[in-house]
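Worksheet: one structure, shown below.
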Amino acid sequence: MLDPNYVRENLDSVRAALAARNFPTAALDHFAELDAERRRVNSEADAVNHERNNASKEIGALMQAGKKTEAEAKKAEVAGLKGRQTELEKQRDEADAAMRDLLSGLPNLPAEDVPVGPDESANVEIRRWGTPREFDFEVKDHVDLATDLGILDLERAAKVAGARFAILSGFGAKLERALVNFMLDVHTRDHGYKETLPPLIVNRDTLFGTGQLPKFEEDLFTLTDERGFSLIPTAEVPVTNYHRDEILDASGLPLKFVAYTPCFRSEAGSYGRDTRGLIRQHQFEKVELVKLCLPEESDREHEDLTANAEKILQLLELPYRTVVLSTGDMGFSARKTYDIEVWLPSQNTFREISSCSNCGDFQARRMGTRFRRAGGAKPEYVHTLNGSGLAVGRTWIAVIENYQQADGSIVIPDALRPYMNGVEQIAKA
RNA sequence: GGAGAGGUAGCCUAAUUGGUAAGGCAGUAGUCUUGAAAACUACCGCGGGAAACCGCUUGCAGGUUCGAGUCCUGUCCUCUCCGCCA
């Protein structure tokens, strides 16, 4: 959520920023009048309220003093205010709701150093690590490799659940589990994150807080339960919301969480995209990094978080590059996003394996997550950050494809071997 | 699923037949002190405002009333017992 005061004072630059995100700016056409109306009605309702409060207090005093007739006279006087008050409160609620509807649908404003462009073609590569391996045989993709090895069964998954589901088995399942444990260990032991295991089902307030609602309901799996539950699309949702409607002590910041969870996405609208293999699934596993921090530290924390995610790929010796997303390619809640893309030999290209975003105070404002500096200062909104560290399924793909051998077997990266009970290679049984 | 108890500011605890949230601890600033402690003073839920001040706040949402922590309805959460259960 944008700060209404900021929007009021910077309407033109907000309009330009939204346009850079390909966001229709028509909604802002009514901002000024809506804002003025809201503030006018609010102060008027306040004034009437004040009048009534005073009268009620006087009645109370008269009753205490035993002056019944005077109290009755005062009551009759106050009764006339009631209709006007009800009307004003109704107007105020409507104006507030209209403003909230307007603001809650607007995406975050891009940071100043985000490249401006229409879509992913304007993303800018900022660094590259490792060198893609030279293969002296024809590479296979992860579907052929893993299916042949008997560690992946997509056909039966389609029978059990449907398209975009998978069954991992044997060393395939073990590799997934090894990756999860490896990532959690690195982030907790070396990077100082606190491991958490959040609910996989969340309510609507939580979804609003991180920005999934009201605009992206169709991306979620929502339960038929009347409580409005949805399956989480990412651990960012429950974890960032841990401190919703709280005022934190500044001395406790930054808070750094790492959470391993399954994630569930409807993938509505992505029909025909990445239909083969594990790239795009309705259910996948992810280790997620989340930070709540001071505003002045979020840029640095963002760099650190991205480096923490990259470290996993370095330890697994998987080549990758990091790109900064352009204004036209960023997510709703982000003010700046780095995508980390891992090398996939079968596609001869880099594919997203992590997305690390600084959301500034955008989510904090929706959640009501604030902090207070020492000395009893006014509460301020925290900054929130999140990033995959990493998408486990896609890491699994990267390991399978990058470590494939001519005979179709897979060499286990050194860093993972302790997590595989010393297994060094997955070969056909 | 059945029965019962409860939710007041960071924590603890009050509030008469409904009269407009009292107090303690912790915390912050200051006085005093070589320094600290103690004592004393102020602040000490949220929002707006330069300020004066105003509005909001007893889990949440409604209702009755001039006025609701208090009465009524719904709902969420916590706890206890019974049943069921990984």
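Labels below follow one simple rule: chain letters A, B, ... track the order of the sequence lines, proteins then strands, and each chain is numbered from 1.
- Summarising the geometry, the separation between CD on A:E246 and C1' on B:rC46 is reported as 15 Å, rounded to the nearest angstrom.
- Counting to the nearest Å, the P atom of B:rU75 and the CG atom of A:D205 are 18 Å from each other.
- B:rU70 and B:rG1 have their P atoms separated by 28 Å, given to the nearest Å.
- For the residue pair A:E310 and A:Y320, a side-chain donor N or O sits within less than 3.5 Å of a side-chain acceptor on the partner.
- Judged by distance alone, the side chains of A:T188 and A:K194 never bring a donor and an acceptor atom under 3.5 Å apart.
- Partners of A:T224 under the side-chain hydrogen bond (donor to acceptor under 3.5 Å, both in side chains) rule, at least two apart in sequence or in another chain, do not exist in this structure.
- Remark: the separation of the C1' atoms in B:rA15 and B:rG69 is 8 Å, to the nearest Å.
- A:I59 has its CD1 atom 14 Å from the C1' atom of B:rG18, to the nearest Å.
- Rounded to the nearest Å, the gap between the C1' atom of B:rA86 and that of B:rU13 is 40 Å.
- Using a 30° and 60° split on the angle between ring planes, A:H187 and A:H191 fall in the tilted class, from 30° to 60°.
- For residues 279-308 of chain A, the ring-ring contact (aromatic ring centres under 6.0 Å, His included) pairs, not counting sequence neighbours, are A:F165-A:H282, A:F221-A:H282, A:H302-A:Y338.
- Legend: residues meeting side-chain hydrogen bond (donor to acceptor under 3.5 Å, both in side chains) with A:D96, ordered by chain and number and at least two apart, are absent.
- Residue order along RNA chain B, read from the 5' end via each residue's closest nucleotide, puts A:A61 first among A:Q85 and A:A61.
- The separation between A:R373 atom CZ and B:rA29 atom P is 16 Å, rounded to whole Å.
- Between A:K75 atom NZ and B:rG67 atom C1' the separation is 9 Å, expressed in whole Å.
- Counting to the nearest Å, the C1' atom of B:rG48 and the CG atom of A:D96 are 13 Å from each other.
- Nearest nucleotide to the A:R372 side chain, out of B:rG45, B:rG47, B:rG67: B:rG45.
- The ring-ring contact (aromatic ring centres under 6.0 Å, His included) contacts involving residues 4-37 of chain A comprise nothing, where partners must be two or more places apart or lie in separate chains.
- Toward the 5' end of RNA chain B, the nearer of the two residues A:D93 and A:I247, judged by each one's closest nucleotide, is A:I247.
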Scan nucleotides 52-59 of chain B against the protein and return all N/O pairs shorter than 3.5 Å with their distances rounded to 0.1 Å.
residue	atom	partner	partner atom	Å
B:rG55	O4'	A:D46	OD2	3.3
B:rG55	O2'	A:D46	OD1	3.0
B:rC56	OP1	A:N49	OD1	3.3
B:rC56	OP1	A:N49	ND2	2.9
B:rC56	OP2	A:N53	ND2	3.1

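- Annotation: B:rU20 and B:rG4 have their C1' atoms spaced 33 Å apart (nearest Å).
- Between A:D245 atom CG and B:rC76 atom P there is a gap of 19 Å when expressed in whole angstrom units.
- Atom CG of A:N42 and atom C1' of B:rC46 are 14 Å apart (whole Å).
- To the nearest whole angstrom, the two P atoms, one in B:rA68 and one in B:rG55, are 14 Å apart.
- Going from the C1' atom of B:rC32 to that of B:rG24 covers 25 Å, rounded to whole Å.
- Secondary-structure stems of RNA chain B, taken as three or more successive Watson-Crick or G-U wobble pairs (i with j, i+1 with j-1) under a 3.5 Å distance threshold, comprise B:1-7 with B:76-82, B:10-12 with B:23-25, B:27-31 with B:39-43, B:45-48 with B:53-56, B:59-63 with B:71-75.
- Partners of A:F208 under the ring pair (Phe, Tyr, Trp, His ring centres under 6.0 Å) rule, at least two apart in sequence or in another chain, do not exist in this structure.
- In terms of the ring pair (Phe, Tyr, Trp, His ring centres under 6.0 Å) criterion, A:F371 has no residue partners (sequence neighbours excluded).
- Across the C1' atoms, B:rA37 and B:rG19 are found 44 Å apart, a figure rounded to whole Å.
- By the ring pair (Phe, Tyr, Trp, His ring centres under 6.0 Å) test, A:Y381 pairs with no residue at all, sequence neighbours left out.
- When the P atom is used for both B:rA9 and B:rU57, the distance is 15 Å, rounded to whole Å.
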